[in-house]
Protein chains: 2
Amino acid sequence: MTDTENKSEAPAKTRTPKQISDSTIHRLSRYLRLLGALEADSVKTISSKELASIKRLTPAQVRKDLSFFGSFGTRGLGYPVSELKVKIAGILGLDKRWRLAIIGVGNIGSALVGHKEFPERGFDIRLVFDNDQRKIGSKHKGLLVSDIKNLKEELLAHEIEIVALAVPASVAQEITDIVVSAGVRGILTFAPIHLNTPENVFVRREDMTMELEYLTFALSINAVKSPNDLGLS
Amino acid sequence: MTDTENKSEAPAKTRTPKQISDSTIHRLSRYLRLLGALEADSVKTISSKELASIKRLTPAQVRKDLSFFGSFGTRGLGYPVSELKVKIAGILGLDKRWRLAIIGVGNIGSALVGHKEFPERGFDIRLVFDNDQRKIGSKHKGLLVSDIKNLKEELLAHEIEIVALAVPASVAQEITDIVVSAGVRGILTFAPIHLNTPENVFVRREDMTMELEYLTFALSINAVKSPNDLGLS
DNA sequence: TGCAGCATGTGAACTCTTTCACTAACTATA
DNA sequence: TATAGTTAGTGAAAGAGTTCACATGCTGCA
Ligand SMILES: NC(=O)c1ccc[n+]([C@@H]2O[C@H](COP(=O)([O-])OP(=O)(O)OC[C@H]3O[C@@H](n4cnc5c(N)ncnc54)[C@H](O)[C@@H]3O)[C@@H](O)[C@H]2O)c1
Ligand SMILES: NC(=O)c1ccc[n+]([C@@H]2O[C@H](COP(=O)([O-])OP(=O)(O)OC[C@H]3O[C@@H](n4cnc5c(N)ncnc54)[C@H](O)[C@@H]3O)[C@@H](O)[C@H]2O)c1
């Protein structure tokens, strides 16, 4: 920790390094998707107003998000589509290809293995693991299923950077520990439990039940109260 | 102080009805999961401090979340596990079973159909749709695949309340329009595009690519800068 | 019954995020 | 070259969400 001498009585001259928020990063992903579509349509420039139209965002939001990373637009004109796309990709770390492994080739795991969008966006699934003898050694959509027993060695050998965890919750933590010991610092998990990991490992959870419960909450409130608002979308 | 009897029987004069945040609802889901596990272990009471340990939450956060909905604990003791579980389930609208339909029985769709946790948590998958003639009429994990042509009629007939959309992005919007016209007000979508829906329809998006890009952003920053902080977790 | 200890519930402070409002800067046109 | 029109960039204000801090009120025990 530490770093920054900040904290004195200085009223912050310039919003120093700045902390980038969770939501800003997610929005960058969305801008990127839209820019890809625009580029395919040969659109040359786009204004913050048009970019904002991809959802219920405001032009100011778009400009602020981008301003954290630099000045990419031209006043009076807008942003150059192709250029901005490259910039955002760079910000998100997508100027390189990433090596992934899928652990657990069950319902979710196989869905991931077959997903065409991943390689298109820079994610190469290099390894697939399971502990089921019937699956190990078999080809799964072109990928040989490896034995979970060799998890650490194979992750290291293939220099895997990100792992998608699609195993039962009961074994998610123990597998996580091995994954972390293999130097993997990015985990996308589908198990509905909290994973304990060191500070420098990033975990994102894809929790469908949680999202469904968000919907039931919203629907229940709305059924009882007024038919709109509550700010949920 | 406390709330003096203003006019009417309106509670709280200051902090008005209040808006419940997105994050509070998600945390309630997580509390609920933990409470289920605790109940299974015959734990009788739990303090906000212990509840907070499920992640990087603070006891104050837990208490604040719950306080939006009432006073469920006992000072000096904590919260009664079983009782709190029922209360939170009620808040989230889980005191009833919900009728779901899955649209698109491809990679993701079949994963959802086979997922055991859904029925356990109150979600009954009643219908499954596809437009592929080879799939229509066949049984998929016990469920007959319906023809997408009959979407609206079947949704209405079965009084479907929530739909999970697992179709290609290219057809997601048109299917959404039909779904909405059938009175469905909750949608969980896996297509990586923004869906246009009326105000009173709630949409939640499960976007794996976005989460992966969050990881690549975090990993890139960390590779370049200091090996910790930046507030990302 | 009284006392010590403990954990809730909550206004208030604080921090983070979004929106506002204005200036700077470029394009297009005449 | 001047001028009108447009839009990015950005401090500052406003709005949300989180954390603090403490009084309140319960439990358990002597
Ligand atoms: N299927 C869904 O729609 C869905 C929805 C939400 C959450 N999830 C979660 O995603 C995870 C995976 O779900 P699923 O439906 O794919 O389950 P699944 O049972 O179909 O697949 C799990 C796979 O993991 C393998 N496995 C089990 N133990 C292992 C081990 N120790 N090492 C390696 N592999 C092991 C199994 O052999 C199996 O292939 C679970 O945690 C589940 O709760 C699934
Ligand atoms: N598979 C993944 O891991 C993954 C990851 C992220 C996002 N997604 C997204 O989830 C969605 C589904 O992905 P998938 O991998 O399951 O795709 P898929 O192609 O395996 O399945 C799509 C299914 O939808 C059906 N379908 C197509 N058009 C239809 C129509 N008009 N009406 C009804 N059914 C129709 C197809 O027959 C097929 O069964 C896509 O939008 C995809 O981008 C998938």
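Sequence lines set the chain letters: A, B, ... in the order given, protein chains first and strands last, and positions in each chain run from 1.
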**Request:** Identify which nucleotide among D:dT27, C:dG9, C:dT18 has an atom closest to any side-chain atom of A:S21, counting heavy atoms from C-beta outward.
**Result:** C:dT18
**Asked** Taking atom P of C:dT18 as reference, at what distance in whole Å does atom CG of A:D65 sit?
**Response** 7 Å
**Asked** Quick one: A:L66 CG to C:dT19 C1', roughly how many Å, whole number?
**Response** 16 Å
**Complete:** Rounded to whole Å, the CD1-P distance (A:I46 to D:dT7) equals 12 Å
**Message:** Given D:dG17, C:dT8, C:dT27, identify the nucleotide with an atom nearest to the side chain of B:S47.
**Reply:** C:dT8
**Request:** Measure the distance from CZ on B:R75 to P on D:dG25 and round it to the nearest whole Å.
**Result:** 6 Å
**Asked** Nearest nucleotide by nearest heavy atom, which residue falls closer to the 5' end of DNA chain C, B:L77 or A:R27?
**Response** B:L77
**Prompt:** B:Y31 has an atom OH; how far is it from atom P of C:dT8, in whole Å?
**Reply:** 12 Å
**Message:** Looking at B:Q173 and B:N196, would you say the former's side chain and the latter's main chain have a donor-acceptor pair under 3.5 Å?
**Reply:** yes
**Asked** So what does B:K64 touch, heavy atoms closer than 4.0 Å: a base, only the sugar-phosphate, or nothing?
**Response** base
**Message:** Quick check: any donor-acceptor pair below 3.5 Å linking the side-chain of B:R63 to the base of C:dT8?
**Reply:** no
**Prompt:** Quick one: does B:T209's side chain get under 4.5 Å of B:E213's, heavy atoms only?
**Reply:** yes
**Complete:** Which of B:V184, B:V163, B:I162, B:L188 passes side-chain contact (heavy atoms from CB on, under 4.5 Å) with B:L100? Answer is B:I162
**Fill in**
Picking from D:dC26, D:dT18, D:dA8, the nucleotide nearest the side-chain atoms of B:Q61 would be D:dT18
**Shortest side-chain distance from B:Y79, nucleotide among D:dT18, C:dG9, D:dC20** = C:dG9
**Message:** Between P on C:dT17 and CG on A:L57, what's the gap in Å once rounded to a whole number?
**Reply:** 16 Å
**Item:** Short side-chain N/O contact from A:T74 to OP1 or OP2 of D:dA8, under 4.0 Å
**Value:** no
**Message:** Can you measure B:F72 atom CZ to D:dC26 atom C1' for me and round it to whole angstrom units?
**Reply:** 18 Å
**Message:** Counting only side-chain heavy atoms from C-beta out, which of D:dA8, D:dT10, C:dT27 sits nearest to A:S48?
**Reply:** D:dA8
**Item:** From CD1 (A:I46) to OH (A:Y79), nearest 0.5 Å
**Value:** 10.5 Å
**Item:** Any A:P192 side-chain heavy atom under 4.5 Å of A:D207 side chain
**Value:** yes
**Spacing of B:I20 atom CD1 relative to D:dA16 atom P, expressed in whole Å** = 13 Å
